[in-house]
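Presented below is the structure to which this report refers.
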Amino acid sequence: EVKNLEEIFEARIARDEKIEPKDWMPEKYRKTHIRQISQHAHSEIVGMLPEGNWISRAPSLRRKVALLAKVQDEAGHGLYLYSACETLGISRDELYDQLHTGKAKYSSIFNYPTVTWADMGAIGWLVDGAAIINQVPLCSTSYGPYARAMIRVCKEESFHQRQGFEIMLKLANGTPEQKDMAQDALNRWWWPSLMMLGPTDAESVHTAQSMKWKLKRKTNDELRQQFIDQTVPQADLLGLTIPDPDLKWNEETGHYDFGEIDWDEFWQVVKGYGPSNKKRMKDRVGAWEEGAWVRDAAMAYAEKKEKRKND
Ligand code: FAQ
């Protein structure tokens, strides 16, 4: 019976049909989707923190409005993704619990500090740039609720990327001090942005199976190369230098060759020992605890309303 169901399932995947919440799916398909979608949701929520640091310090009203809108979008992305994840049979409370107890992973990139305003530019340009490259293929991922969430997320990410690039453009064409700030931010965010796309294909434990299930549509290395090829000309346009002496156009492959990534640093950050891991978790758990009265009040109000309806 299960074998038969599995064959039907595989045939649906082969035909590029979307799998929906009430459809039969292999247990491993369900589990790996919960893993990836929840990590993605957690990343959006934790990803708000490094930027939240700059909302009250934005250099103008216009910049503040744009940054505030971006951070609000990220909260929204987290909520669509948690909802998509819940359709796989896990509750929001469990997901939050996994994040708050440090059991769940979220993207390594959000464990770096945001020390100057230029970091808001670099995050939008590079981190959202990498996120778009990773997420556009996910619009055709096989699980329906995830694929549909990604369509709106990608549209919003492209606004995020442009607001970041515009900050960089302004700084790069500003005073020498401003240009230095932009270069310094690029120096600090470049390598972590490459790491964000995940370990090399050779080291990636989930890629092969996730590609077969069409959860992932491109491998980590393919996405990384695409990100580099797209970003180098943008750095040229800004007049900034990518901090990689081995970066070179390769006529034969039609791609940029690039230097060695420090994978030790990546795994340290993933395991919780990055520069800001402790602070991010503390801030996230703190926000959850301080928000308890809002949740309690909303529940009490809903109960009161329900009771009145029944009286
Ligand atoms: N950080 O076998 P793989 C955003 C883990 S965008 C931490 O290659 P997979 C927008 C991986 O979980 C950022 N851990 O895994 C934004 C696995 O561990 P596990 C979020 C990482 O899943 C922008 C192990 O290493 N985007 O938030 C990382 O096939 C600006 C082996 O790795 C997504 O999540 C990492 N960077 O490929 C917000 C996109 N990379 O689970 C605010 C959806 C790998 O066995 C501001 N996710 N690991 O314990 C994906 O596309 C995939 O999950 C990958 C990883 C590509 C991230």
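In listed order, ligands and their atoms are each counted from 1. Quick note: numbers below take in every heavy atom, side chains included, and nothing from hydrogens, waters or symmetry partners.
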- [ ] Taking atom 54 (C) of ligand 1 as the reference point, report whether a protein heavy atom occurs under 4.0 Å from it.
- [x]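 It does not; no protein heavy atom is within 4.0 Å.
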- [ ] Verify whether one side chain among Q234 and W125 offers a donor that lies under 3.5 Å from an acceptor in the other.
- [x] yes
Pairs of nitrogen or oxygen atoms closer than 3.5 Å, one from [X] and one from ligand 1: do any exist?
X    : value
F110 : no
H206 : yes
V205 : yes
Y146 : no
Q39  : yes
N220 : yes
R35  : yes

Using a strict cut-off of 4.0 Å, indicate which atoms of ligand 1 neighbour a heavy atom of [X].
X    : value
W267 : 25 (O)
M196 : 6 (S), 13 (C), 36 (N)
L197 : 56 (C)
V127 : 23 (C), 30 (C)
K70  : 30 (C), 46 (C)

Task: With L240, the side-chain contact (heavy atoms from CB on, under 4.5 Å) member among I242, L237, D236, L238 - done: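 Testing each of I242, L237, D236, L238 against L240, the sole residue satisfying side-chain contact (heavy atoms from CB on, under 4.5 Å) is L238.
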If you measure from [atom] to every heavy atom of [options], which option wins on shortest distance?
atom                    : options              : answer
atom 1 (N) of ligand 1  : S108, G164, S193     : S108
atom 42 (C) of ligand 1 : K218, H160, E74      : E74
atom 18 (O) of ligand 1 : K105, K271, H40, E44 : K105

TODO: Quick one: do S91 and Y96 satisfy side-chain hydrogen bond (donor to acceptor under 3.5 Å, both in side chains)? Show the steps, please.
DONE: CA-CA 9 Å; S91 71; Y96 282 154; over 6 Å; no
Open item on the list: So is E157 touching ligand 1 or not, going by heavy atoms under 4.0 Å?
Closed with: yes
TODO: Compute the minimum heavy-atom distance from S210 to ligand 1 and say whether it is under 4.0 Å.
DONE: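 Flag not set, S210 not near ligand 1.
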- [ ] Mind checking the NZ-NZ spacing from K18 to K214? Nearest 0.5 Å is all I need.
- [x] 9.0 Å
- [ ] Considering only NZ, NE, NH1 and NH2 on the basic side and carboxylate oxygens on the acidic side, decide whether K307 and E303 come within less than 4.0 Å.
- [x] no
TODO: Could you see which bit of N134 sits under 4.0 Å from ligand 1, with heavy atoms only: side chain, backbone, both or neither?
DONE: side chain
Open item on the list: Counting non-hydrogen protein atoms only, what is the nearest one to atom 44 (C) of ligand 1? Give residue, atom name and distance.
Closed with: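 The closest heavy atom on the protein side is P199 CD, 3.6 Å.
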Task: Protein residue, atom and distance nearest to atom 29 (O) of ligand 1, heavy-atom basis - done: K216 NZ, 2.7 Å
Open item on the list: I'd like to know if the side chain of S142 and the backbone of W213 have a donor-acceptor N/O pair within less than 3.5 Å.
Closed with: yes
Task: F159 with L169, same ILVMFWY side-chain cluster at under 4.5 Å - done: no
TODO: For residues 232-259, pull every pair meeting ring-ring contact (aromatic ring centres under 6.0 Å, His included), keeping only residues two or more places apart or in separate chains.
DONE: W249-Y256
